[in-house]
Amino acid sequence: MSTERRKPFPFDQFEPRWQRVWDERQTFHVLNPGEPGFDASKPKYYVLDMFPYPSGSGLHVGHPEGYTATDIIGRFKRMSGFNVLHPMGWDAFGLPAEQYAIKTGQHPRATTEANIATFKRQLQAIGFGYDWQREVNTTDPGYFKWTQWIFLQLYNAWLNPATNRAEHVSSFTGEDVDSVRLAYISHAPVNWCPELGTVLANEEVVDGKSEVGGFVVERRPMRQWMLRITAFAQRLIDELDGLDWPDSIKMHQRNWIGRSEGALVDFTVVGSGEKITVFTTRPDTLYGATYMVLAPEHPLVDSISTAEQKGEIEAYRKTAASKSDLERTELAKEKTGVFTGAFAINPVTGEKVPVWIADYVLTGYGTGAIMAVPAHDERDWEFARKFALPIREVVSPEPRLGLGGGGVCDAEPLEVFCGEGFAIHSGPLDGLPTSEAKAEIIVRLEQQGIGKRRIQFKLRDWLFSRQRYWGEPFPIVWENGKHRALDESELPLLPPELLDFKPTGTPEPPLSKATDWVRYSDTATRELNTMPQWAGSCWYYLRYIDNKNTERFVGAEAERYWTTGCVSQLSALNSQLPHGGVDLYVGGTEHAVLHLLYARFWHKVLFDLGHVSTPEPFQRLVNQGLILGEDGQKMSKSRGNVVNPDDVIKEYGADALRLYEMFMGPLEATKPWSMSGVEGVFRFLARVWRLVMEENAEGEWLPSSALQDIPMDKATAKVVHATIKKVGEDIEALSFNTAISQMMVCTNALTSANPRSREAVRLLVTILGPFAPHLAEELWERVGGTGLAADQPWPSYDPALLIEDEIEMPVQVNGKLREKIVVKKDATQPEIEAIAKAAPKVAEAIAGKEIKKLIVVPGRLVNIVVA
RNA sequence: GCCGACAUGGCGAAAUGGCAGACGCAUGGGACUUAAAAUCCCUUGGAGGGCAACUUCCGUGCGGGUUCGAGUCCCGCUGUCGGUACCA
């Protein structure tokens, strides 16, 4: 007797076999327009997964959740007659690989390759129908050549304000082209992380620490490459509208871009006459501005501070500068600040107001200076209370009479009011509701030339350079202190083969160690920074379309077909697409802003420059939910609750893993793993197996004797066709859990049938294919199907079979269920009413009472309302 | 603080405003077996009443509302989980 327990069905034998067959036949390879055999009559469907970063620890059960969902969709669409593009690849540049390499002394290329091999093996063991011929790898020179090429497009482009479109810089007529490029050099303070030896984008810094590793980040000015994403801020907001994305993600992006409408207002410094410009969203409260605050780093601080305040000012600026961002935000519960000794004139009241510096005003937002209206802003209120600054009420929640005339009110309000209301103590604005007061004051300020309307965004330009080894080198050289682009013919620019790529310990990037490489010519040296990890993932979805193209980043015809569905340019122009692009993009919420915003930005630039056909890359986005450990906690090594898909496959098979991932609950929901749940779906698969196979006394599997070539009886036909209908609809709606339930119902019905219709089983096996493809292929073969189950057309159902001759209808009296009646499907309303009223329980309940209302919902229920 | 999502049996979950709890897990019982595993059948929201076929009442976080009818729609709370934080 074998030591290993016998499997309830031999998945361990047939799963690898069918994976081999799909691979040998290239079942899931799809052709591009122009290739021999391409069928232009089929509609296209592009279904995309967020590609993984191949980490050293391999796949965890969270990965296959989204991947299974897209695989089901892809296989279903294929069976439904679509050309389906369903690719996979590797986001393989990045810090973890580099750090691991430093630790172990291996080259990051070696570890990256090994990790990719592991990931690929694991994905293939789950039986995903990817077109592996289209695999991409961001670290492949044939790939990053085009990442560098796109960078050059950005470098050579500017946003023409007249057209609001990105254009080649040759259309720029101004003097300094470098000041408008979409990729430009900045010397602004950046987030420098000494531990990682690199700068980080604002988005990669969380609470003053690096998102990766949690190391302290300090701000220091450095020469950096920036991408002018802010030029697209408004379009990045507006063009969200036509996208089928979760509202929460759209909102997230809108908040991140942070549009606010307001005004710039000039205040004049008493004495020096210098101008301080502030940004405010509440220009209507200008009459209540009783002091001003500059950020400690504001350029005017030095010149306006009085001699006797200089010492204190300097001390404050020093502490502010030495504080990490963490201390400046989280720990700064109490407002701090110092008076500069200077005063400015409130342009509408003519009053002298003190000018302070405080770190609650940020350098990076607006103008780095504010007018403080303590009565109507919580931060200003707190500050004013602490430093005993005057507080003047200028907005009232209710209209108030008799407070007009612009007179000064000396009574301080008892509490801060930040809402909208009606202007008071505000001269000509008095009585106006907030929105009108805003408009009115802006007109007046503009007339006087001391202010103007202004739309401000929170979004900053994208810090695009890193001091790393394992990233794309910039196709840029420096000569006589000036940068210039490499020629396209010089791409790809490979990174130097370094043995020592450790951080230098200074802001000097590791590439500086490759002295030969750095020297471009006698007079020119190469740019030493590399691109951030986001670069490769900004456009990978385009490369899948045409991953072997050596002439272009993506072929024009293929790009048009896969993003618009149109084969010719003419039909593309005539089509009424909302945005187009990828039909379905599935991934986690962690990319709600960064990746999705960056990719949209690049795509818009490429669109403006005529390189792609659609203004947006991803038409429909779905976030899969988090999978928790069995203990309901987030999976983590330290908690020891991590589930490895390899173990699940070994025990229950790939089909059970796939099916369980989908059966757990709605795709978007957060849900805990349960091994007994896996066993549940595993038992279901075994039941399906036994619809076709039965075991003899020796324990061998033989074709089931119950299975016969007989037509389906009425009940069987009904459940089978109802299942075809529901499973198809549920797949479209991504309700995989309920689709699986329905197949269980169908299986339970067929299990009890003896003899059992071969046709019924064949249909069930066909629609099970997208979910449990290995079992489906195996059983398809065993029920005598020709070809592959994966290649079968999706079966259609006969609606006539679903209609019952007699319908059971519940009858309610005053909303309470009393009885169920059975009526003919074509019974008339009066007939139904009569039957309902005659039913014993109903008759009893309505006896002697006046019927006030009688509702018959055809096919659903009857409700009798009595007095 | 602010923004968002969610709240249904012992558990994961179903339910175009129309029979709450489909389907699965876990219970408990039975069949098969020398025995077990596997498999198959039945049971299972709560409380009560009947020898029984059965039956009554209550039940979707809490309080209101709309409706013939609310898990579902509206208003107000509470709780949990995510995101975010001086953005003027």
Side-chain angles (χ1 to χ4, degrees), chain A residues 5-8 206-207 246-249 251-252 254-256 258-260 262 278-283 285 289 293 328-330 332-333 335 358-362 364-373 376-380 382-383 418 456-460 589-590 592-593 625-626 628 632 634 659-660 663-666 668-681 683-684 686-687 690 695 699 735 737-745 747-748 751-752 808-820 841 852-857 859-866:
Chain A
R5 213 183 72 214
R6 235 181 120 281
K7 309 262 194 250
V206 178
D207 292 339
D247 286 337
S248 60
I249 299 288
M251 193 160 331
H252 219 114
R254 285 198 194 96
N255 290 345
W256 190 266
R259 179 193 153 106
S260 44
V278 301
F279 173 69
T280 176
T281 53
R282 292 297 299 270
T285 62
V293 186
R328 272 179 79 154
T329 55
E330 283 234 322
K333 293 204 170 80
K335 294 266 181 297
D359 62 6
Y360 83 90
V361 173
L362 310 173
Y365 184 74
T367 61
I370 61 155
M371 64 177 209
V373 186
H376 305 291
D377 181 285
E378 276 186 48
R379 297 152 298 177
D380 298 345
E382 246 179 80
F383 193 80
C418 303
Q456 182 72 40
F457 294 95
K458 217 152 78 177
L459 184 70
R460 321 280 171 84
T589 14
E590 65 272 22
V593 278
L626 199 64
L628 306 172
K634 217 172 197 166
L659 211 65
Y660 177 65
F663 189 64
M664 292 171 82
E668 293 94 332
T670 301
K671 44 216 179 264
W673 188 265
S674 154
M675 272 307 175
S676 44
V678 180
E679 277 183 54
V681 295
R683 277 200 286 265
F684 160 66
R687 285 166 71 98
R690 288 194 308 269
E695 206 172 2
S735 299
N737 53 335
T738 51
I740 294 166
S741 299
Q742 181 62 37
M743 290 188 283
M744 288 173 168
V745 170
T747 302
N748 292 345
T751 297
S752 52
E808 191 189 61
M809 285 177 80
V811 181
Q812 299 179 338
V813 176
N814 286 347
K816 213 167 250 184
L817 181 71
R818 288 297 165 190
E819 185 116 18
K820 291 175 187 177
K841 296 269 166 37
K852 294 178 71 175
K853 205 166 185 180
L854 207 157
I855 295 137
V856 177
V857 184
R860 304 251 31 149
L861 59 45
V862 179
N863 190 11
I864 303 172
V865 185
V866 295

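Note: hydrogens, waters and symmetry copies are ignored here, and every other heavy atom, side chains too, is used. Within every chain, numbering begins at 1; the chains are lettered A, B, ... in the order of the sequence lines, protein sequences first and strands thereafter. Worth saying up front: this structure is predicted, and the values here are computed from it rather than measured.
For A:Asn748, whose side chain is taken as the heavy atoms from C-beta onward, the closest listed nucleotide among B:rG24, B:rU39, B:rC19 is B:rG24. Listed nucleotides: B:rC23, B:rG4, B:rC86. Nearest to the side chain of A:Ser248: B:rG4. Distance from the side chain of A:Ile855 is smallest to B:rC68 among B:rC68, B:rC86, B:rA88. For A:Arg690, the listed nucleotide lying nearest its side chain is B:rC40; candidates were B:rC23, B:rC40, B:rC68. In the set B:rA88, B:rC68, B:rG12, the nucleotide with an atom closest to the side chain of A:Lys853 is B:rC68. Closest to the A:Ser676 side chain, of the nucleotides B:rG18, B:rA26, B:rA88, is B:rA26. Between B:rC23, B:rC3, B:rC19, one nucleotide has an atom nearer to the side chain of A:Pro810 than all others, and that is B:rC19. The side chain of A:Ser260 has B:rA88 as its nearest neighbour among B:rA88, B:rG18, B:rG24. Residue A:Thr281 places its side chain closer to B:rA88 than to any other of B:rA88, B:rC41, B:rA13. With B:rG24, B:rA13, B:rC19 as the candidates, the nucleotide lying closest to the side chain of A:Pro666 is B:rA13.
Within 4.0 Å of A:Ser674, counting heavy atoms only, lies no atom of the nucleic acid at all. Counting any heavy atom pair closer than 4.0 Å across all strands shown, A:Lys852 reaches no nucleic acid atom. Nucleic acid contact class of A:Asp247 (heavy atoms, under 4.0 Å, all strands): none. At a threshold of 4.0 angstrom between heavy atoms, the contacts of A:Gln456 with the nucleic acid are absent. Here A:Lys841 lies in heavy-atom contact (under 4.0 Å) with sugar-phosphate atoms only. Contact annotation for A:Asp380: no contact, since no heavy-atom pair falls under 4.0 Å across all strands. Nucleic acid contact for A:Gln812: base, since at least one base atom lies under 4.0 Å from a heavy atom of the residue. The residue A:Arg460 sits close to a base: some heavy atom pair falls under 4.0 Å.
Separation of atoms CG (A:Leu659) and CZ (A:Phe684) is listed at 6.0 Å; rounding is to 0.5 Å. With values rounded to the nearest 0.5 angstrom, A:Lys634 atom NZ is found 9.0 Å from A:Thr670 atom OG1. Atom OG1 of A:Thr589 is separated from atom NE2 of A:His252 by 9.0 Å, given to the nearest 0.5 angstrom. Taking CD1 of A:Ile740 as the reference point, atom CZ of A:Phe663 lies at 7.0 Å (rounded to 0.5 Å).
Look at the C1' atom in both B:rA70 and B:rG17: the space between them is 7 Å, to the nearest Å. Nucleotides B:rA20 and B:rG59 are separated by 12 Å at their P atoms, to the nearest Å. Comparing B:rG12 with B:rG50, their C1' atoms are spaced 36 Å from each other, to the whole Å. B:rC73 and B:rU16: their C1' atoms are spaced 14 Å apart (whole Å). To the nearest whole angstrom, the two P atoms, one in B:rA53 and one in B:rU67, are 42 Å apart. B:rG45 and B:rG9 have their C1' atoms separated by 5 Å, given to the nearest Å. Between B:rA14 and B:rC19, the two C1' atoms lie 14 Å apart (nearest whole Å). Rounded to whole Å, the C1' atom of B:rG79 lies 7 Å from the corresponding atom of B:rG61.
Atom P of nucleotide B:rG4 and atom CD of A:Glu590 are separated by 22 Å, given to the nearest angstrom. With rounding to whole Å, A:Phe279 atom CZ is found 8 Å from B:rA88 atom C1'. A:Lys634 places its NZ atom 9 Å from the C1' atom of B:rG82, with the value rounded to the nearest Å. If you measure from atom NE2 of A:His376 to atom P of B:rA88, you get 17 Å, rounded to the nearest angstrom. One atom, CG of A:Leu861, and another, C1' of B:rG69, lie 8 Å apart when rounded to the nearest Å. The distance from atom CD of A:Glu668 to atom P of B:rA7 is 13 Å, rounded to the nearest whole Å. For the pair A:Lys816 NZ and B:rG69 C1', the computed distance is 13 Å after rounding to whole Å. We find that CZ of A:Phe663 is positioned 17 Å from P of B:rC11, with the value rounded to whole Å.
In this structure, A:Asn737 reaches the B:rA14 phosphate: one of its side-chain N or O atoms is under 4.0 Å from OP1 or OP2. Taking 4.0 angstrom as the limit, A:Arg683 places a side-chain polar atom (N or O) nearer than this to OP1 or OP2 of B:rA26. A close approach under 4.0 Å does occur between a side-chain nitrogen or oxygen of A:Arg687 and OP1 or OP2 of B:rC40.
In this entry B:rU72 has no Watson-Crick or G-U wobble partner, no candidate having both defining distances under 3.5 Å. Within the shown strands, B:rG1 is the pairing partner of B:rU84 under the Watson-Crick or G-U definition, both distances less than 3.5 Å. In this entry B:rA36 has no Watson-Crick or G-U wobble partner, no candidate having both defining distances under 3.5 Å. B:rU60 makes up no base pair with any nucleotide shown, lacking Watson-Crick or G-U wobble contacts both under 3.5 Å. Remark: B:rU67 base-pairs with no nucleotide; criterion is Watson-Crick or G-U wobble with both hydrogen-bond distances under 3.5 Å. The partner of B:rA7, taking Watson-Crick or G-U wobble pairs whose two distances both stay under 3.5 Å, is B:rU78.
For B:rG46, the base adopts the anti conformation, since its glycosidic angle falls more than 90 degrees from zero.
Residues A:Leu854 and A:Val862 come closest through the heavy atom pair CD2-CG1, 3.9 Å. Looking at every heavy atom in both residues, A:Ile370 comes nearest to A:Asp380 through CD1-OD1, 3.5 Å.
Checked by distance alone, A:Ser741 brings a side-chain donor or acceptor within 3.5 Å of a matching partner on the base of B:rA22.
By the 6.0 Å contact criterion, CD on A:Glu378 is open, its count of non-hydrogen atoms from other residues, nucleotides or ligands being 12 or less.
Cation-pi check for A:Lys335 over A:Phe383 is not met; the charged atom does not lie both under 6.0 angstrom from the ring centroid and within 45 degrees of its normal.
Of the residues near RNA chain B, A:Glu378 and A:Val857, the one whose nearest nucleotide (by heavy atom distance) lies more toward the 5' end is A:Glu378. Sequence order on RNA chain B of the closest nucleotides to A:Met809 and A:Val681 puts A:Met809 first from the 5' end.
At distances below 3.5 Å, at least one donor-acceptor pair connects side-chain atoms of A:Lys671 with backbone N or O atoms of A:Pro666.
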Inset, instruction - In sequence, state the C-alpha distance, the side-chain angles, and the governing distance for A:Glu819 and A:Val813, and then conclude on side chain to side chain contact (heavy atoms under 4.5 Å, CB included). - result: CA-CA 9 Å; A:Glu819 185 116 18; A:Val813 176; over 6 Å; no
